[in-house]
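Worth saying up front: this structure is predicted, and the values here are computed from it rather than measured. We count ligands from 1, going down the list as the structure has it; atoms in each ligand are counted the same way.
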Amino acid sequence: MGPTAPRPPFEKVLIANRGEIALRVIRACREMGIASVAVYSAADAGQPFVSAADEAVQIGPAAAASSYLNMPNIIGAALKTGAQAIHPGYGFLSEDPDFAMVCAEHDLVFVGPPPDVMSDVGNKAIARRLMDEAGLPLLPGTLAPLTSLDEATRVAADIGYPVILKAAAGGGGRGITVVHAPADLPGAYAATRATALAVFRDSSVYLERYLGRARHIEVQVMSDRHGGAVHLGERDCSIQRRHQKLIEEATSPAVSPSLRAELGASALAGARAVGYEGAGTVEFLLDQDGGFWFMEMNARIQVEHPVTELVTGVDLIQEQLRVAAGMPLSVAQEDIRFSGHAIECRINAEDPARGFVPTPGPITELRWPLGPGVRIDAACDLGTIVSPYYDSMIGKLIVWGPDRPAAIARTQRALGEIRIDGRGLKSTVAFHQHVLANAAFRAGDIQTDFLDRHALLAA
Ligand code: MV4
């Protein structure tokens, strides 16, 4: 007889999400001996994540507002099936403090930080002030929302142009405006406030110095309720198009072990300052001289979490479930070692030749790659319909190699094995091949303007 399995953190968990992240959480549950409950919209009946769960409950029609954002129906499904906890995945309700509160009111554990922490972190102006108090490096700017155009004009003149206006309640790149000259400030101020009000129902905006040609570096942190806190190094997410990440890597080719320790210490100081609990990400901009600046904190598991898992060997979803149940993290900082290099390519049903327009529809041919160092986080089979109602990601190819050049070669090999087809369906596979063949990418010379700079947007 071998050793007995450890006691699972929960008996049953409901996953309030769909697609690949729902399947990812179901897999973690199964490995831990936790029963899983899927919830799904009418459009998702028959999707692989629905049949993969131990139980499934339909929660509404296709439109997300009536299903994956429908709090009463999700809570009802959890109560009916006897789930003890709800994992929100990413997107949908994952960063909604009201949902976390409603879960608590029904004695359901929300897998994520406490509602008040989520609320502080979700307001970027508040997060900026708290991180400043915690000693994190911030670009010069305001530590509270702007109260007038006059104030904006004075602060901008003081710190110097270019500046960037950001919606405090913003996210995903909406409600940000770069301002290159004083003459553009009044229009930009009015427009950013109007967008913030329309999109986030909160017109407050703040201002900071704009850093051009920077890398987007984010640090993964995990904290428990027993004082345990670790950082799991950084991801380089500089390859983006209009704030949609397309390729992510761990570790960053621009981060040395000593810079990693500095970034990690900073991220942990920030997490501690806001009372963080669970898995979180602290985003930084990294400038050409190795200086780094706090941007924002994300209070959810992220799409790109697998690259961190592949270089550290830590299962972030399992750690989230442990922490949510009040258990300590299974790892301490000295256990975290970084081994090799990982690259994630998002395989989207989009047409790069037509501005990445989504191409929804049924998948009529599908073959995923196999072989050494290859992981596929997907939730599509032959016949699965890529729905026009939700995001167009078909799956993620995540590859590990002993170093960055080996990981690039392996990613190229794996991309070459992918076969996806369908009526009118296009994918980002060939686009990824163009990026991976680019000399600047191979040299690790990547900033957030990479795709424009190298004219790779009509590949
Ligand atoms: C910045 C920045 C440069 N300077 N802030 C984009 C979304 C959000 N996460 C913060 N973002 C940025 N904030 C300062 N002070 C650059 C970005 C940024 C970006 C800006 C414009 C166009 C594309 C971008 C891609 C990544 C990051």
Side-chain angles (χ1 to χ4, degrees), residues 90-91 95 121-129 131-132 136-143 145-146 152 155-156 158-181 184-185 188-189 191-192 195-196 199-200 204-220 234-249 252 254 263 267 270 280-300 302-304 346 355-356 435 441 445-454 456-457:
Y90 51 70
E95 292 173 282
V121 164
N123 184 308
K124 287 159 183 46
I126 294 175
R128 197 171 138 81
R129 178 177 54 78
M131 296 300 172
D132 182 59
L136 271 69
L138 261 59
L139 285 160
T142 56
L143 288 174
L146 293 161
V155 175
D158 198 40
I159 65 181
Y161 286 81
V163 297
I164 185 166
L165 289 162
K166 298 185 177 184
R174 299 207 60 186
I176 68 172
T177 313
V178 180
V179 188
H180 291 280
D184 301 330
L185 189 63
Y189 180 72
T192 310
T195 303
V199 181
F200 308 107
S204 49
V205 301
Y206 65 100
L207 185 155
E208 60 189 33
R209 167 95 197 169
Y210 176 71
L211 192 62
R213 291 221 78 208
R215 288 175 193 256
H216 175 126
I217 300 287
E218 56 183 37
V219 178
Q220 179 71 55
E234 79 288 354
R235 297 182 285 260
D236 193 319
C237 307
S238 299
I239 308 289
Q240 345 188 328
R241 176 192 171 270
R242 298 193 184 170
H243 308 290
Q244 293 293 336
K245 296 167 185 168
L246 284 159
I247 299 180
E248 303 99 343
E249 313 181 51
S252 168
L263 281 162
T281 300
V282 185
E283 292 187 1
F284 296 96
L285 286 175
L286 182 69
D287 68 25
Q288 315 277 56
D289 313 316
F292 61 88
W293 313 93
F294 169 78
M295 274 300 104
E296 55 191 70
M297 184 167 187
N298 300 320
R300 62 172 187 279
Q302 293 196 254
V303 175
E304 58 272 23
R346 297 193 191 189
F356 289 76
V435 174
F441 179 84
D445 185 17
I446 48 177
Q447 291 81 23
T448 50
D449 62 354
F450 178 87
L451 296 178
D452 292 309
R453 203 180 166 79
H454 298 281
L456 281 160
L457 286 172

Item to check | Atom pair CD/CZ of Glu234 and Phe292 - distance to nearest 0.5 Å | outcome: 11.0 Å
Counting only heavy atoms, which portion of [X] has something under 4.0 Å from ligand 1: side chain, backbone, both, or neither?
{"X": "Leu139", "value": "side chain"}
{"X": "Asp449", "value": "neither"}
{"X": "Arg242", "value": "neither"}
{"X": "Met295", "value": "side chain"}

Provide the number and element of each atom of ligand 1 under 4.0 Å from a heavy atom of [X].
{"X": "Arg209", "result": "4 (N), 14 (C), 15 (N)"}
{"X": "Thr448", "result": "25 (C), 26 (C), 27 (C)"}
{"X": "Gln240", "result": "25 (C), 26 (C)"}

Distance from [atom] to nearest protein heavy atom, with residue and atom:
{"atom": "atom 24 (C) of ligand 1", "answer": "His243 CE1, 3.4 Å"}
{"atom": "atom 2 (C) of ligand 1", "answer": "Leu285 CD1, 3.4 Å"}
{"atom": "atom 12 (C) of ligand 1", "answer": "Lys166 NZ, 4.1 Å"}
{"atom": "atom 3 (C) of ligand 1", "answer": "Leu211 O, 3.1 Å"}

Item to check | Nitrogen or oxygen of Glu296 less than 3.5 angstrom from that of ligand 1 | outcome: yes
Checklist entry - With a 4.0 Å cut-off, strictly under, does atom 17 (C) of ligand 1 pick up any protein heavy atom? => result no
